[in-house]
Every structure is written in structure tokens, then in C-alpha cells.
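This report refers to the structure that appears directly beneath it.
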Number of protein chains: 2
Amino acid sequence: MKQEQRNTGLDREAVVRKLREHGITPTQQRVDIATVLFERPQHVCADQVLAQVNAVESLVSKATVYNTLGLFAKKGLVREVLVDPTRLFYDSNMIPHHHMYHSDSGMLEDVAPGQVQLGALPEAPEGMVIEGVDVVIRVRRI
Amino acid sequence: MKQEQRNTGLDREAVVRKLREHGITPTQQRVDIATVLFERPQHVCADQVLAQVNAVESLVSKATVYNTLGLFAKKGLVREVLVDPTRLFYDSNMIPHHHMYHSDSGMLEDVAPGQVQLGALPEAPEGMVIEGVDVVIRVRRI
DNA sequence: TTCTGTGCTAGACTTTGTCTAAACGCAATT
DNA sequence: AATTGCGTTTAGACAAAGTCTAGCACAGAA
Ligand SMILES: [Mn+2]
Ligand SMILES: [Mn+2]
Ligand SMILES: [Zn+2]
Ligand SMILES: [Zn+2]
């Protein structure tokens with residue numbers, strides 16, 4: 001993670017703007033975390049974020065990483081993905097899509113929404129709204 | 001849980017038969033656990049199974065409950081459902097269906113497969129098979 | 001300056017689940 | 001009857017993910 005590699009992500013200013021757009025006060029730590037998340041679209045769990053953000057020097061505590069990921073999810077900056085019963089993944093790709101989960105390897109792949117034909121959904125019960133529909137295609141080695 | 005209530009589930013013999021059909025040696029503990037599971041179609045986590053099976057007298061250890069639920073899932077007797085990041089649910093209803101998850105209350109409801117029109121799915125990658133497709137409709141109070 | 005609110009932190013704690021090593025049950029062999 | 005073998009069960013130690021608490025930092029308002 002040095003300055004040799006091309007950075008396809010957002011620069012610090014763009015990250016700050018993005019947080020503001022979602023009604024999040026852009027603190028130092030939140031910007032650090034968001035910078036890691038939006039470096040590229042990825043599926044990442046809290047542990048990995050903690051490691052990445054503190055790779056060079058210790059910048060952010062565990063509690064803050066967990067709190068911030070929760071906050072980002074609530075504010076619609078990232079999306080939670082449940083495929084592994086032992087940990088929660090955060091998806092920094094907010095373009096609507098589904099997932100293919102390789103249960104052998106734990107690998108998680110995006111599936112374009114056009115690849116899955118989702119027809120009529122059931123109505124949400126009275127007084128409720130559909131928050132989202134998650135489709136996970138689980139695959140394994142033959 | 002006395003003998004007053006009508007038992008819609010399977011009797012001990014039927015449970016033993018069911019285990020055998022799935023290639024599972026029907027030990028005392030496994031039959032106890034299966035009896036709880038198939039008393040009625042339900043979504044239940046390991047903790048709850050442990051509590052239910054040991055309600056009257058201590059019959060089965062924690063390790064055995066976890067091992068057995070894992071075994072049952074592997075053998076296709078029950079189905080794992082991932083909706084709550086903190087625990088794994090087991091579904092004793094193996095008829096294909098989807099789920100509606102009430103994120104406020106943690107309630108989990110079945111959705112008939114006809115209610116969700118799942119069209120063409122993507123091919124599994126070379127050398128892989130689709131194990132299953134999970135559809136979870138997350139709803140919450142307005 | 002003092003007060004107030006928000007955010008950050010270390011580290012204790014909780015919960016879910018796994019692992020280990022010993023014991024058990026039961027059948028086949030001697 | 002005693003021995004062996006093997007699959008199963010068990011208590012309890014352990015691991016990992018995540019939450020909580022209590023104190024501190026800091027900025028803006030009064
Ligand atoms: Mn539980
Ligand atoms: Mn977890
Ligand atoms: Zn994704
Ligand atoms: Zn179900």
C-alpha cells in the first residue's frame with residue numbers, strides 16, 4: 001500500500017464530501033475508514049478494515065471501526081452482507097446487485113441484477129416497508 | 001409441554017425412520033434433538049434447541065447439540081438460515097421456500113416459493129454447482 | 001472560562017460457536 | 001469373559017466476533 005500503485009479510489013476531499021452528503025460528520029477516523037472502504041468496491045469485514053486502516057500506523061480503535069461501520073450501514077454508505085455465519089461483511093458497492101458465495105473458499109462475488117430475474121415480490125405486511133431483498137447464490141466445488 | 005397438548009409432530013419411531021433415511025445413526029441424543037426440531041416446522045437456533053431438549057431433564061450436552069445440528073444440515077434434514085449476524089438459525093421446514101425477516105423484532109417468516117418469481121439464474125462457474133439460492137426479504141416498521 | 005455535546009478509546013465483557021481429551025456404549029473378536 | 005475398536009457424547013477450556021463502559025479530548029456555546 002505505497003504510493004507506487006495507481007489509486008482508483010476517492011481522494012480525501014471526495015471522501016469528506018461523500019460523508020457530508022450522507023449526513024455524517026467527517027471526523028479523522030471516519031475519513032480514514034471510508035478511504036479504505038472506497039479505495040475500490042469490496043466485501044470486507046470489520047477485522048479487515050481495522051487491519052487495513054492501521055496498516056502503517058495505529059490510527060483507529062476497534063470500537064470506532066465497529067461503530068463507524070454500523071453508522072455507515074445505517075446511513076446507506078455501505079451495505080451489510082450476511083453469508084458467513086461467523087462474521088458480517090460490508091459491501092462498499094452500493095449499486096444494486098446480488099451475490100454468489102463460494103462456500104468452500106468463503107469467496108464472495110457480485111452478481112449483476114440483470115443476471116437474476118426477480119419477479120413479483122410479496123407485499124410487505126401492513127405498516128411495514130421492504131428494506132431490501134437479498135439474493136445469495138451458494139455454490140461449491142463438485 | 002405435557003401430554004395434554006395435541007402433538008402434531010412425529011413420534012419416536014417416525015423420527016428414527018427419518019434419521020435412517022438420511023443415513024444418520026439414530027442415537028438417543030439425535031432422536032431427542034430431531035423430535036424437538038420436527039415437532040413443528042420452525043426456525044430455531046442452537047441455544048433454543050439446547051434449552052428445549054433439556055427442558056425437563058438434562059439429556060444432551062451443548063457440544064452434541066451443535067454437532068448434531070451441523071450433521072443434520074449436512075445430511076439435508078434441516079436448512080441453515082442466515083438472517084441475524086449474531087446467530088445461525090436452523091429451519092426444520094425443508095419444503096423449498098424463501099424468508100421474510102422483520103429486522104426490528106428479529107421475527108422470521110416463511111414465504112411460499114410462488115410468491116417470489118425467480119427467473120434465470122447465472123450459471124455456476126466451471127466445476128461448481130449451485131447448492132442453493134437464498135432469498136431474504138428484509139422488512140421493518142415504517 | 002465553564003458548560004455541553006459529540007466522538008474516540010482501552011479494555012473488560014458477552015455471546016456464539018469450536019475444540020480437546022477423556023469416557024462411554026456397544027458390537028465383534030479372542 | 002476379557003479385549004479391542006470405533007463411533008458418539010461430554011465437560012469444560014478456548015477462540016472469535018462484537019458490544020459496552022467509563023473516562024478523555026475537543027469544539028462550540030454561553
Ligand atoms: Mn440463541
Ligand atoms: Mn459473529
Ligand atoms: Zn457485493
Ligand atoms: Zn423457513
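Proteins get letters first, then strands, A, B, ... in listed order; numbering begins at 1 in each. Just the heavy atoms: all of them, side chains too, but no hydrogens, waters or symmetry mates, feed the values below.
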Below 4.0 Å: OP1/OP2 of C/dT18 and any side-chain N or O of B/Tyr66: no
Nucleotide C/dT16, atom C1' - distance to CG of B/Leu82 in whole Å: 13 Å
First encountered from the 5' end of DNA chain D, between A/Asp47 and B/Thr25: B/Thr25
Distance, rounded to the nearest Å, where A/Asp32 contributes CG and C/dG7 contributes P: 16 Å
Charged N-O contact under 4.0 Å between A/Arg138 and A/Asp104: no
Under-3.5 Å donor-acceptor pair between A/Lys62 side chain and D/dG18 base: yes
Atom pair distance, as rounded to whole Å: CG in B/Leu71 and C1' in D/dG7: 12 Å
Length of the line joining B/Tyr90:OH and C/dT16:P, which is rounded to integer Å: 13 Å
Distance in angstrom units between A/Ile33 CD1 and C/dG7 C1', rounded: 12 Å
Among D/dG12, D/dT9, D/dA17, the one nearest B/Ala63 by side-chain distance: D/dG12
C/dG7 phosphate, OP1 or OP2, under 4.0 Å from A/Arg30 side-chain N/O: yes
N or O in side chain of B/Thr86 less than 4.0 angstrom from D/dA17 OP1/OP2: no
Per A/Ala46 side chain, nearest of listed nucleotides D/dA11, C/dG17, D/dG18: D/dG18
Sugar-phosphate only, base, or nothing, as touched by A/Thr64 at under 4.0 Å among non-hydrogen atoms: base
Value in whole Å for how far the C1' atom of D/dT8 lies from NZ of B/Lys75: 15 Å
Residue pair B/His43 / B/Phe89: nearest heavy atoms and the distance that separates them: C-CD2, 4.0 Å
Closest contact, heavy atoms only, B/Leu108 versus B/Val81: CD2-CG1, 3.9 Å
A/Val60 backbone acceptor or donor facing A/Asn54 side chain under 3.5 Å: yes
Under 3.5 Å donor-acceptor, A/Ser92 side chain and A/Leu37 backbone: yes
Atom pair distance, as rounded to whole Å: CG in B/Leu88 and P in C/dG17: 6 Å
Sugar-phosphate, base or nothing in reach of A/Leu59, heavy atoms under 4.0 Å: sugar-phosphate
Interatomic distance, B/Asn67 CG vs C/dA21 P [rounded to whole Å]: 16 Å
Sugar-phosphate, base or nothing in reach of B/Ile24, heavy atoms under 4.0 Å: nothing
B/Gln29 side chain near D/dT10 phosphate (N/O to OP1/OP2, under 4.0 Å): yes
